[in-house]
J.: 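Please find one structure pasted underneath; my questions will follow.
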Amino acid sequence: MSEFEDFPDRIPLSQQALAARPSPYLDGLNAPQREAVETLDGPVLMLAGAGTGKTKALTTRIAHLLSTGTARPNEVLAVTFTNKAAREMKKRVAGLLGQAVEGMPWLGTFHSIGAKLLRLHAELIGLKSNFTILDTDDQLRLLKQLIVAAEIDPKRWPERHLSNVIDDWKNRALTPDKIPVADHGAFNHRGVELYAAYQARLKTLNACDFGDLLLHVVTIFQTHDDVLAQYQRWFRYILVDEYQDTNVAQYLWLRLLAQQHKNICCVGDDDQSIYGWRGAEVGNILRFEKDFPGARVIRLEQNYRSTPHILAAASSVIAANKGRLGKTLFTEAADGEKVRLIGHWDGEEEARWIGEEIEAMQGGTRGMRPFSLDEMAILVRASHQMRAFEDRFLTIGLPYRVIGGPRFYERMEIRDAMAYFRLAISHDDDLAFERVVNTPKRGLGDKAQQKIQMSARSNGVSLVEGARLLLAAKGLTGKGALELQKLLDGLDQWHRLVRDQVDHIDIAEQVLDGSGYTEHWQNTKTPEAAGRLENLKELVKALDNFENLQGFLEHVSLVMDNETEDADEKVSIMTLHAAKGLEFPTVFLPGWEDGLFPSQRAMDEQGVKGLEEERRLAYVGLTRAEEYAVVSFAGNRLVYGSWQSQMPSRFIDELDQDAVEVLTAPGLYGGGAAAEPQVTSDLYEKAARADGYNSPGWKRLQSRNQQRGLSQPREARNMLIDASAISAFSTGERVFHDKFGYGTITAIEGDKLDISFEKAGFKKVVAKFVKLAEAADDVPF
DNA sequence: TGCACTCATATTTTT
DNA sequence: TATGAGTGCA
């Protein structure tokens, strides 16, 4: 292996010698971080709370290993989950060492390292080393074919479902022959059979899916001692990021590799485990000390990110979870702002308020420093919540960016283009052929495609060959035959270009133009066509960074992400999941309502386990904030087209009251305020725009709350309960609700009223959203 | 092949 | 509500 030549080969130092010769990187680390860096031998579990500098510790540890000569770059296996994390790690290690880390071939994501290993040993599980990696789309198409072939109704049993079942098995490192009896009922008792068929099909296609990249490697390790032993010797030091997110397959993979030297350092935070639904096993991190006897557990608890109030709020929420490893975050930062809590009438108003708040904060009119849009983020539980914000921000012209969403390489045009590239390289790529045979439209519809399939199957050849034979046998006539011949000629021509090692950018352009694909989008008059052409250009541009098409395809299926860098200042909108690992000075957390967050589905399907994961999500959300966090909820929300009354999230109850300040929103009126004309909220809104919290409306609302003795209630949420509202109602009373109309109170429970509405039926509603019927009579509606 | 229509469906998604 | 997938018709 020549790739490490540029790295000086140093004589490993003993621990003793190391102690005597402190590494220069240790400055600026706190005691536990230092310990995590210096405890090189034996298993180490670094429990790193949010914002405690775990990446710093991890990268310094690598730099330390290398610079002291304890390990050579190729002896260190460092795995992350995301490409972004891998890049970041590379960059920071390089920064610490003052040189590029070209010589670290085993720093990467689980999947990229898995792919690398699998290419080296593919033949051991019946693949060729140039196997293709299927994306989700290919996978689903394949599964659909298998479902239909098995004469199962794909409507009742959609491929999506099967893919989940199979992914779940793969996450648990279960090959078809190892599926436990308890799972045999999966997918209408046909799951195991279809799984086996799928794996067989993948092998004939010389392909594997994401899960296989790990599963196959585990299988190889389990069945080939010599191969395993080689890597066990090789990887003297293993580092794992985000250990709480590992699934069983990844866990086995790591454990097998670590058996020889046992120098495995896992970094994670059980409180930030939010991917349980995807097969992540919190149990892996909870069990670490059992798995690796003699493990040193190091806790990083000093938080460098958030103010004490934010930390207190986050800690108080997460404290409600059971079975934690337990950490107590602390900070030396100054107090700062309290977490603010605000309730709104509905989702639309919530979005409006946040929009205004963002604008105000830009100008520094909230008694804080001015914040740039880049410093603010809105974190939602589910992506459909984004819409309200997008709508609002578009109307007021507030620039925003949505993080996450479909990735670049998942877009239709990119995949079509890539399918063409794949075909240019290999005519055996049936999946690619299926994808593009009639894209753009060539008059090769279902019937023509079936004929090609038949021809291929009966002759035992690939689809491309099958098509060739079909044409030769005159099995296809007319326009279709002509077009198919043109396509096949094109394929031959492109294949020659690849073989002759023509510059791959030229090839790409010839393929896209020659196939008529570019033209297809040029002729398309839909609004997104221009963007698609733009993306295709982008794709060709990206080719520049690679030696050849093959290298590009490998990369694109594993590594290409969607980082559109634009310099413009924008507010970020993303899901809580997407926010993990990020931080923002200001964070808005809307939609804290029971059923939405925590999500009803998580609780229904996973019970307490699900609820606890939701709670960790709340913890992740709050700990993203550096200086300022705002939690909000709405009393009414439009869910699938009908209005739903929402209860504030139970997580709001769990917030440390001392860390929270309650704001009263415009448009919220209970009890005494109910009699006030609607104009109150208009006044407040105008004033808020002008003067922020110094507005007369704001002050009036504040003082009114104070008069009611609401400044120091026991629980945060209780602060929102209008005492007069509670006493104002009694069972049997006729009330009015803006969205549900008139109804009668059937029961009262704290601030919650059970109301039987005349039109909307039975609802549970927070008292402050309801008025006595006679008080409502003068409200225009 | 393209359209207009019905119908079911509706979290989170590192690779 | 709004999106997509599937279906029927020109």
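Excluded from the calculations below are hydrogen atoms, water molecules and symmetry mates; all remaining heavy atoms, backbone and side chain alike, are included. The sequence lines fix the lettering, A, B, ..., with proteins before strands; numbering per chain opens at 1. Here the structure is a predicted model, which means the values were calculated and not measured.
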J.: Quick one: label A:Ala602 by what it contacts on the DNA or RNA (base, sugar-phosphate, nothing), any heavy atom closer than 4.0 Å.
T.: base

J.: Indicate the atoms forming the closest heavy-atom contact of A:Ala48 with A:Lys54, along with that distance.
T.: CB-CB, 3.3 Å

J.: Nearest to the side chain of A:His384, heavy atoms from C-beta on, is which of B:dT11, C:dG6, B:dT14?
T.: B:dT11

J.: Find the distance A:Arg156:CZ to C:dG6:P and express it as a whole number of Å.
T.: 17 Å

J.: Just the rounded figure in Å: distance from C1' of B:dT1 to NE2 of A:His520.
T.: 13 Å

J.: Let me know the distance between CE of A:Met574 and P of B:dT13, rounded to the nearest Å.
T.: 11 Å

J.: At under 4.0 Å, does any side-chain N or O of A:Thr80 touch on OP1 or OP2 of B:dT14?
T.: no

J.: Count the heavy atoms of every other residue, nucleotide or ligand shown that sit under 6.0 Å from CD of A:Glu348, and state whether that count exceeds 12.
T.: no

J.: Ignoring the backbone of A:Arg387, work out which of C:dA2, B:dT12, B:dT14 is nearest its side chain.
T.: C:dA2

J.: Would you indicate, yes or no, if B:dT12 has its OP1 or OP2 atom less than 4.0 angstrom from a side-chain nitrogen or oxygen of A:Ser383?
T.: yes

J.: Can you tell me how far P of B:dA8 sits from CG of A:Asp153, to the nearest Å?
T.: 13 Å

J.: What's the CD1-P distance between A:Ile113 and B:dT15, to the nearest Å?
T.: 14 Å

J.: Where the side chain of A:Arg278 is concerned, which of B:dT11, B:dG2, B:dT13 is the nearest nucleotide?
T.: B:dT13

J.: Assert yes or no for the condition that the ring centre distance of A:Phe288 to A:Tyr243 is strictly below 6.0 Å.
T.: yes

J.: Where each residue is assigned the nucleotide of DNA chain B containing its nearest heavy atom, which of A:Ile403 and A:Arg442 is assigned the position nearer the 5′ end?
T.: A:Arg442

J.: For a quick check of understanding: with a heavy-atom distance under 4.0 Å over all strands, which category does A:Asp245 fall into, base, sugar-phosphate or nothing?
T.: base

J.: Would you indicate what A:Tyr275 reaches in the nucleic acid, counting non-hydrogen atoms under 4.0 angstrom: base, sugar-phosphate, or nothing?
T.: base

J.: Rounded to the nearest angstrom, tell me the gap between atom CZ in A:Arg141 and atom C1' in C:dA5.
T.: 16 Å

J.: What's the closest nucleotide to the A:Glu605 side chain, out of B:dT15, B:dT12, B:dT11?
T.: B:dT11

J.: Is the phosphate of B:dT15, meaning OP1 or OP2, less than 4.0 Å from a side-chain N or O of A:Asn83?
T.: yes

J.: Side chain of A:Arg381 only, please: which of B:dT1, B:dT11, B:dT14 is the nearest?
T.: B:dT11

J.: May I ask you to list the residues of residues 608-620 of chain A, by number, that have any heavy atom positioned under 4.0 Å from an atom of DNA chain B?
T.: A:Glu614

J.: Please give me the minimum heavy-atom distance between A:Ile113 and A:Ala78, naming the atom from each residue.
T.: CD1-O, 3.9 Å

J.: Let me confirm one number: the CD1-CG distance from A:Ile152 to A:Leu162, rounded to the nearest 0.5 Å.
T.: 8.0 Å

J.: Counting heavy atoms from C-beta on, name the nucleotide in B:dT11, B:dT14, B:dT13 closest to the side chain of A:Thr82.
T.: B:dT14

J.: Could you check which of B:dT15, B:dT11, B:dG2 has an atom nearest any side-chain atom of A:Lys441?
T.: B:dG2

J.: Starting at the 5' end of DNA chain B and moving along, which residue's nearest nucleotide shows up first, A:Thr575 or A:Lys155?
T.: A:Lys155

J.: Do the non-hydrogen side-chain atoms of A:Arg601 and A:Gln606 ever get within less than 4.5 Å of each other?
T.: no

J.: Would you say whether A:Trp277 stacks on B:dT12? The test is a distance between ring centres of less than 5.5 Å and an angle between planes of less than 30°.
T.: yes

J.: Report the distance from atom NE2 of A:His161 to atom P of B:dT13, rounded to the nearest whole Å.
T.: 20 Å

J.: Please report the interatomic distance CD(A:Glu612) to CD1(A:Ile274), rounded to the nearest 0.5 Å.
T.: 15.0 Å

J.: Closer than 4.0 Å, any side-chain N/O of A:Lys144 to the OP1 or OP2 of C:dG6?
T.: yes

J.: Determine whether a donor-acceptor pair (N or O, by modelled atom type, separation under 3.5 Å) exists between the side chain of A:Arg172 and the backbone of A:Asp168.
T.: no

J.: Which whole-number value in Å describes the distance from A:Leu582 CG to B:dT14 C1'?
T.: 12 Å

J.: Closest approach to the side chain of A:Asn438, judged atom by atom: which nucleotide of B:dT13, B:dT1, B:dT15 is it?
T.: B:dT1

J.: Regarding A:Gly581, tell me which of base, sugar-phosphate or nothing describes its non-hydrogen contacts under 4.0 Å with the strands shown.
T.: nothing

J.: Where do A:Ala388 and A:Gly347 come nearest, in terms of heavy atoms and distance?
T.: CB-O, 4.4 Å

